[in-house]
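Below: one structure, written as C-alpha coordinates.
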Amino acid sequence: MKRNLVYAVLLTAMLTVGANAGTISGKVAGVAGESVIYVDAVKGKTFPAPAEHPVLSQKSLLFQPHILVVQAGATVDFLNSDKVAHNVFWPSFQQGAKKGPGENLGTWPQGEKRSFKFDQAGVAALLCNVHPEMSAYVVVVPTPYYAVTDAGGNYKIDNVPNGQYNVVGWHEGAKMQTKPVAVSGEANADFSLSK
Ligand SMILES: [Cu+2]
(Lines give C-alpha, C1' and ligand atoms only; values in the text may rest on other atoms or scores of the structure.)
Protein backbone atom coordinates (compact mmCIF):
# COMPACT_ATOMS: atom_id res chain seq x y z
CA MET A 1 0.00 0.00 0.00
CA LYS A 2 2.77 2.39 1.02
CA ARG A 3 4.75 1.39 -2.06
CA ASN A 4 1.78 2.11 -4.33
CA LEU A 5 1.50 5.54 -2.82
CA VAL A 6 5.18 6.21 -3.55
CA TYR A 7 4.68 5.10 -7.16
CA ALA A 8 1.63 7.31 -7.49
CA VAL A 9 3.54 10.33 -6.18
CA LEU A 10 6.48 9.61 -8.51
CA LEU A 11 4.22 9.20 -11.52
CA THR A 12 2.41 12.44 -10.75
CA ALA A 13 5.74 14.24 -10.41
CA MET A 14 6.96 12.87 -13.75
CA LEU A 15 3.76 13.84 -15.53
CA THR A 16 3.93 17.32 -14.02
CA VAL A 17 7.51 17.84 -15.24
CA GLY A 18 6.52 16.72 -18.74
CA ALA A 19 3.50 18.99 -18.76
CA ASN A 20 5.52 22.08 -17.85
CA ALA A 21 7.51 22.12 -21.06
CA GLY A 22 6.75 21.92 -24.73
CA THR A 23 8.22 22.37 -28.17
CA ILE A 24 8.34 25.14 -30.73
CA SER A 25 8.47 24.00 -34.31
CA GLY A 26 7.78 25.39 -37.73
CA LYS A 27 9.10 26.15 -41.16
CA VAL A 28 11.21 28.99 -42.51
CA ALA A 29 10.34 30.12 -46.02
CA GLY A 30 11.81 32.71 -48.35
CA VAL A 31 15.47 31.79 -47.93
CA ALA A 32 17.80 28.95 -48.91
CA GLY A 33 20.30 27.42 -46.50
CA GLU A 34 20.36 27.36 -42.74
CA SER A 35 18.35 29.71 -40.56
CA VAL A 36 18.72 29.98 -36.81
CA ILE A 37 15.60 30.14 -34.65
CA TYR A 38 15.86 30.97 -30.95
CA VAL A 39 13.91 32.04 -27.89
CA ASP A 40 14.94 35.59 -27.13
CA ALA A 41 14.58 35.53 -23.32
CA VAL A 42 12.91 33.63 -20.51
CA LYS A 43 11.53 36.00 -17.91
CA GLY A 44 13.38 35.86 -14.60
CA LYS A 45 15.92 33.32 -15.85
CA THR A 46 19.58 33.55 -16.65
CA PHE A 47 21.51 30.73 -18.19
CA PRO A 48 25.00 29.69 -17.13
CA ALA A 49 27.74 29.82 -19.75
CA PRO A 50 28.29 26.42 -21.35
CA ALA A 51 31.51 24.73 -20.22
CA GLU A 52 32.38 23.06 -23.53
CA HIS A 53 34.19 24.96 -26.26
CA PRO A 54 32.53 24.64 -29.67
CA VAL A 55 35.13 24.46 -32.47
CA LEU A 56 35.08 26.48 -35.64
CA SER A 57 37.77 25.11 -37.97
CA GLN A 58 39.61 26.62 -40.85
CA LYS A 59 39.78 23.62 -43.14
CA SER A 60 40.14 23.21 -46.92
CA LEU A 61 40.18 27.01 -47.19
CA LEU A 62 36.75 27.19 -45.58
CA PHE A 63 35.41 28.03 -42.18
CA GLN A 64 33.68 24.89 -40.93
CA PRO A 65 30.87 25.01 -40.02
CA HIS A 66 29.67 28.01 -42.00
CA ILE A 67 27.19 28.86 -39.27
CA LEU A 68 28.05 28.11 -35.65
CA VAL A 69 25.37 28.73 -33.03
CA VAL A 70 26.53 29.12 -29.43
CA GLN A 71 24.93 30.25 -26.24
CA ALA A 72 26.04 33.56 -24.75
CA GLY A 73 29.05 33.07 -22.49
CA ALA A 74 30.50 30.28 -24.63
CA THR A 75 34.16 30.21 -25.61
CA VAL A 76 34.75 29.25 -29.24
CA ASP A 77 38.01 27.60 -30.32
CA PHE A 78 39.15 28.67 -33.77
CA LEU A 79 41.34 25.83 -35.03
CA ASN A 80 43.51 26.03 -38.11
CA SER A 81 43.44 22.57 -39.75
CA ASP A 82 45.04 23.65 -43.05
CA LYS A 83 48.69 23.72 -44.13
CA VAL A 84 48.47 27.46 -44.77
CA ALA A 85 48.08 30.24 -42.23
CA HIS A 86 44.61 31.69 -41.67
CA ASN A 87 43.39 34.82 -39.99
CA VAL A 88 40.10 35.28 -38.16
CA PHE A 89 38.46 38.64 -37.75
CA TRP A 90 35.02 40.20 -37.72
CA PRO A 91 34.59 43.88 -38.58
CA SER A 92 31.67 44.37 -36.18
CA PHE A 93 29.38 42.55 -33.77
CA GLN A 94 25.73 42.95 -34.67
CA GLN A 95 23.27 43.08 -31.76
CA GLY A 96 19.83 43.61 -33.23
CA ALA A 97 19.94 47.04 -34.85
CA LYS A 98 23.08 47.98 -32.90
CA LYS A 99 26.55 47.49 -34.34
CA GLY A 100 29.25 46.88 -31.73
CA PRO A 101 32.99 46.74 -32.30
CA GLY A 102 34.58 43.72 -33.97
CA GLU A 103 37.71 41.73 -33.19
CA ASN A 104 40.83 40.56 -34.94
CA LEU A 105 42.18 37.35 -33.41
CA GLY A 106 45.31 37.41 -35.57
CA THR A 107 46.87 34.92 -37.97
CA TRP A 108 48.15 31.48 -36.99
CA PRO A 109 49.54 28.30 -38.57
CA GLN A 110 48.30 24.72 -38.87
CA GLY A 111 47.40 22.88 -35.68
CA GLU A 112 47.09 26.04 -33.61
CA LYS A 113 43.96 27.56 -32.25
CA ARG A 114 42.84 30.83 -30.75
CA SER A 115 39.92 31.09 -28.35
CA PHE A 116 37.37 33.82 -27.91
CA LYS A 117 34.61 34.15 -25.34
CA PHE A 118 31.34 35.54 -26.68
CA ASP A 119 29.81 37.21 -23.63
CA GLN A 120 26.78 38.75 -25.26
CA ALA A 121 24.16 37.65 -27.74
CA GLY A 122 24.66 38.88 -31.29
CA VAL A 123 26.20 37.92 -34.60
CA ALA A 124 29.84 37.96 -35.67
CA ALA A 125 30.36 37.77 -39.45
CA LEU A 126 33.78 36.11 -39.70
CA LEU A 127 36.34 36.81 -42.37
CA CYS A 128 39.94 35.79 -43.08
CA ASN A 129 42.22 38.53 -44.36
CA VAL A 130 44.44 35.97 -46.12
CA HIS A 131 41.57 34.44 -48.12
CA PRO A 132 38.89 36.98 -48.99
CA GLU A 133 36.45 34.26 -50.11
CA MET A 134 36.26 32.74 -46.62
CA SER A 135 33.20 33.67 -44.57
CA ALA A 136 31.23 32.29 -41.65
CA TYR A 137 28.93 33.37 -38.85
CA VAL A 138 28.98 32.88 -35.13
CA VAL A 139 25.41 33.37 -33.96
CA VAL A 140 25.43 33.93 -30.20
CA VAL A 141 21.99 33.24 -28.75
CA PRO A 142 20.72 34.31 -25.32
CA THR A 143 19.01 31.06 -24.23
CA PRO A 144 19.56 27.31 -24.60
CA TYR A 145 16.35 27.17 -26.65
CA TYR A 146 17.47 27.31 -30.28
CA ALA A 147 17.56 25.25 -33.44
CA VAL A 148 19.00 25.34 -36.94
CA THR A 149 16.71 24.58 -39.87
CA ASP A 150 17.14 21.39 -41.89
CA ALA A 151 17.38 21.24 -45.69
CA GLY A 152 13.61 21.71 -45.98
CA GLY A 153 13.59 24.81 -43.76
CA ASN A 154 12.02 22.95 -40.82
CA TYR A 155 13.10 23.35 -37.23
CA LYS A 156 12.14 22.13 -33.77
CA ILE A 157 13.15 23.45 -30.37
CA ASP A 158 12.65 20.92 -27.55
CA ASN A 159 12.07 21.27 -23.81
CA VAL A 160 10.91 24.87 -23.82
CA PRO A 161 9.26 25.72 -20.49
CA ASN A 162 5.63 26.68 -20.89
CA GLY A 163 5.26 30.43 -21.26
CA GLN A 164 5.05 33.41 -23.52
CA TYR A 165 8.13 34.22 -25.64
CA ASN A 166 9.55 36.18 -28.47
CA VAL A 167 11.07 33.83 -30.98
CA VAL A 168 13.64 35.19 -33.41
CA GLY A 169 14.42 33.99 -36.93
CA TRP A 170 17.89 34.78 -38.28
CA HIS A 171 19.36 34.12 -41.70
CA GLU A 172 22.63 35.47 -43.04
CA GLY A 173 21.02 37.14 -46.04
CA ALA A 174 17.76 38.34 -44.52
CA LYS A 175 16.26 40.74 -42.01
CA MET A 176 15.72 39.29 -38.55
CA GLN A 177 12.13 38.53 -37.67
CA THR A 178 10.59 38.24 -34.21
CA LYS A 179 7.34 36.46 -33.41
CA PRO A 180 5.39 36.10 -30.17
CA VAL A 181 4.82 32.45 -29.33
CA ALA A 182 2.83 30.93 -26.48
CA VAL A 183 4.16 27.54 -25.42
CA SER A 184 1.85 25.14 -23.69
CA GLY A 185 2.67 21.76 -25.12
CA GLU A 186 3.34 21.97 -28.85
CA ALA A 187 3.61 25.44 -30.37
CA ASN A 188 4.09 26.44 -33.97
CA ALA A 189 5.91 29.43 -35.45
CA ASP A 190 6.51 29.74 -39.18
CA PHE A 191 8.78 32.41 -40.58
CA SER A 192 8.97 34.05 -43.96
CA LEU A 193 12.32 35.81 -44.23
CA SER A 194 13.48 38.27 -46.85
CA LYS A 195 16.16 40.90 -47.46
CU1 LIG B 1 42.14 31.92 -44.61
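Keep in mind that what you see is a predicted model, and the values were worked out from it rather than measured. Numbers here are sequence positions counted from 1. Counting convention: from 1, in listed order, for ligands and their atoms alike.
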Q.
Strictly distance-based, threshold 3.5 Å: is any side-chain N or O of Gln95 a donor or acceptor partner for the main-chain N or O of Ala121?
A. yes
Q: Restricting to N/O/S, name the atom of His86 that gets closest to the Cu ion (ligand 1).
A: ND1
Q: Find the distance between CG (Asp150) and NZ (Lys156) and round it off to the nearest 0.5 Å.
A: 12.0 Å
Q.
Test of geometry: compute the angle ND1(His131)-the Cu ion (ligand 1)-SG(Cys128) and round it to 10°.
A. 110°
Q.
I want to know whether Phe191 and Trp170 have ring centres closer than 6.0 Å.
A. no
Q | Euclidean distance, Thr149 OG1 relative to Ile37 CD1, rounded to 0.5 Å | A | 6.5 Å
**Q.** Residue Asn129, metal the Cu ion (ligand 1), N/O/S under 2.8 Å
**A.** no
